[in-house]
Amino acid sequence: MCSALFKQGMRRLAASVTVITARDGGEVVGLTATAVCSLCAEPPSLLCCLNRSSRTAQAIVNSRQFAVNILSPNDIEVAGKFATSAAPAEKFAVGEWNVRPGAAPWLSSATAVFECSVSEIIESGTHLVLIGDVTDVRLDAGDSASLLYARGEYGRFINAVMTAAA
Ligand SMILES: Cc1cc2nc3c(=O)[nH]c(=O)nc-3n(C[C@H](O)[C@H](O)[C@H](O)COP(=O)(O)O)c2cc1C
């Protein structure tokens with residue numbers, strides 16, 4: 001099976017856009033991720049799939065903590081910046097981030113934030129499947145629309161129709 005065809009098919013899987021954050025010692029790190037999925041409601045848990053070579057994945061393996069920030073359509077610039085290999089200071093300069101000692105940063109404009117502690121890590125090819133027990137959920141920004149990504153473009157989800165986000 002050729003990976004180009006696989007990627008072509010996966011481009012059609014519309015997904016909610018998140019930024020996953022963590023602490024790397026004294027520094028904060030984060031990356032844009034769509035491979036995030038609810039796992040179980042009791043106890044609350046979720047999973048995400050991160051490339052093991054990413055700085056964020058390495059930080060989560062070490063710290064055993066991460067936060068999943070579900071982006072809103074106003075956060076396209078945040079999504080773009082966190083999908084790059086820019087230095088953390090440059091990434092966290094985009095958006096209003098809440099940084100507390102010992103915790104993963106969370107984004108004020110995120111439509112939901114899940115704080116997690118790692119319960120299991122599964123290695124699979126280039127990626128790690130990180131299973132997180134959800135320790136807190138923030139819905140501070142209100143019930144805004146979610147930012148979506150499909151076919152290489154960002155969009156927003158309104159009444160089951162994907163429309164351009166910006
Ligand atoms: C829309 C979109 C979704 C992405 N989803 C994932 C993902 O689910 N897992 C992943 O490991 N990388 C994903 N990436 C790529 C990372 O954001 C990118 O490799 C980032 O530069 C890694 O940053 P870091 O090495 O500083 O942690 C995605 C990129 C984009 C644009």
Side-chain angles (χ1 to χ4, degrees), residues 3-4 6-39 45-95 97-99 103-107 109-132 134 144-158 162-166:
S3 71
F6 168 76
K7 287 179 184 171
Q8 206 180 330
M10 290 305 291
R11 279 170 57 83
R12 301 178 185 191
L13 179 66
S16 200
V17 182
T18 77
V19 167
I20 297 178
T21 57
R23 286 207 153 257
D24 189 5
E27 204 168 24
V28 289
V29 295
L31 88 179
T32 299
T34 50
V36 175
C37 178
S38 168
L39 180 58
S45 61
L46 57 75
L47 66 81
C48 55
C49 307
L50 298 190
N51 192 311
R52 63 172 84 210
S53 70
S54 72
R55 185 169 176 194
T56 307
Q58 290 162 14
I60 295 171
V61 168
N62 292 332
S63 68
R64 310 288 295 185
Q65 278 191 326
F66 64 97
V68 179
N69 295 268
I70 313 288
L71 301 190
S72 79
N74 294 329
D75 297 323
I76 288 183
E77 203 188 335
V78 175
K81 180 56 78 177
F82 278 80
T84 70
S85 56
E90 197 183 315
K91 288 185 173 183
F92 286 93
V94 181
W97 288 95
N98 301 275
V99 179
W106 57 277
L107 182 67
S109 57
T111 187
V113 181
F114 298 89
E115 294 187 22
C116 302
S117 76
V118 173
S119 64
E120 199 177 337
I121 299 175
I122 299 164
E123 299 184 9
S124 183
T126 53
H127 279 58
L128 301 176
V129 181
L130 303 168
I131 297 178
V134 178
S144 63
S146 299
L147 179 63
L148 296 184
Y149 189 77
R151 297 173 190 252
E153 289 187 63
Y154 293 103
R156 70 172 75 212
F157 185 78
I158 302 171
M162 183 164 152
T163 58

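Both counts, for ligands and for their atoms, begin at 1 and track the order of listing. Here the structure is a predicted model, which means the values were calculated and not measured.
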**Request:** Apply side chain to side chain donor-acceptor pair (under 3.5 Å) to Asp75 and list each qualifying residue two or more places apart in sequence or on a separate chain.
**Result:** Ser72, Ser109
**Residue pair Cys49 / Val129: nearest heavy atoms and the distance that separates them** = SG-CG2, 4.3 Å
**Request:** Return the minimal non-hydrogen interatomic distance between Val113 and Ala110, and the atom names on each side.
**Result:** CG2-CB, 3.8 Å
**Request:** Measure across Trp97 and Lys91 and return the closest heavy-atom pair with its distance rounded to 0.1 Å.
**Result:** NE1-O, 4.4 Å
Under 3.5 Å: N or O atoms of ligand 1 paired with protein N or O:
unit_1   : atom_1 : unit_2 : atom_2 : d
ligand 1 : 5 (N)  : Thr34  : N      : 3.1
ligand 1 : 8 (O)  : Thr34  : N      : 3.2
ligand 1 : 8 (O)  : Ala35  : N      : 3.0
ligand 1 : 9 (N)  : Cys49  : O      : 3.0
ligand 1 : 11 (O) : Asn51  : N      : 2.8
ligand 1 : 14 (N) : Thr32  : O      : 3.2
ligand 1 : 17 (O) : Thr32  : N      : 3.4
ligand 1 : 17 (O) : Thr32  : O      : 2.8
ligand 1 : 21 (O) : Ala83  : O      : 3.2
ligand 1 : 21 (O) : Thr84  : O      : 3.0
ligand 1 : 23 (O) : Lys91  : NZ     : 3.3
ligand 1 : 25 (O) : Arg55  : N      : 3.0
ligand 1 : 26 (O) : Lys91  : NZ     : 2.9
ligand 1 : 27 (O) : Arg55  : N      : 3.4
ligand 1 : 27 (O) : Thr56  : N      : 3.0
ligand 1 : 27 (O) : Thr56  : OG1    : 2.6

**Asked** Considering residues at least two apart in sequence or located in another chain, which fulfil the ring pair (Phe, Tyr, Trp, His ring centres under 6.0 Å) criterion with Phe114?
**Response** none
**Message:** Tell me which pairs pass ring-ring contact (aromatic ring centres under 6.0 Å, His included) where either residue lies in residues 47-81, with sequence neighbours left out.
**Reply:** none
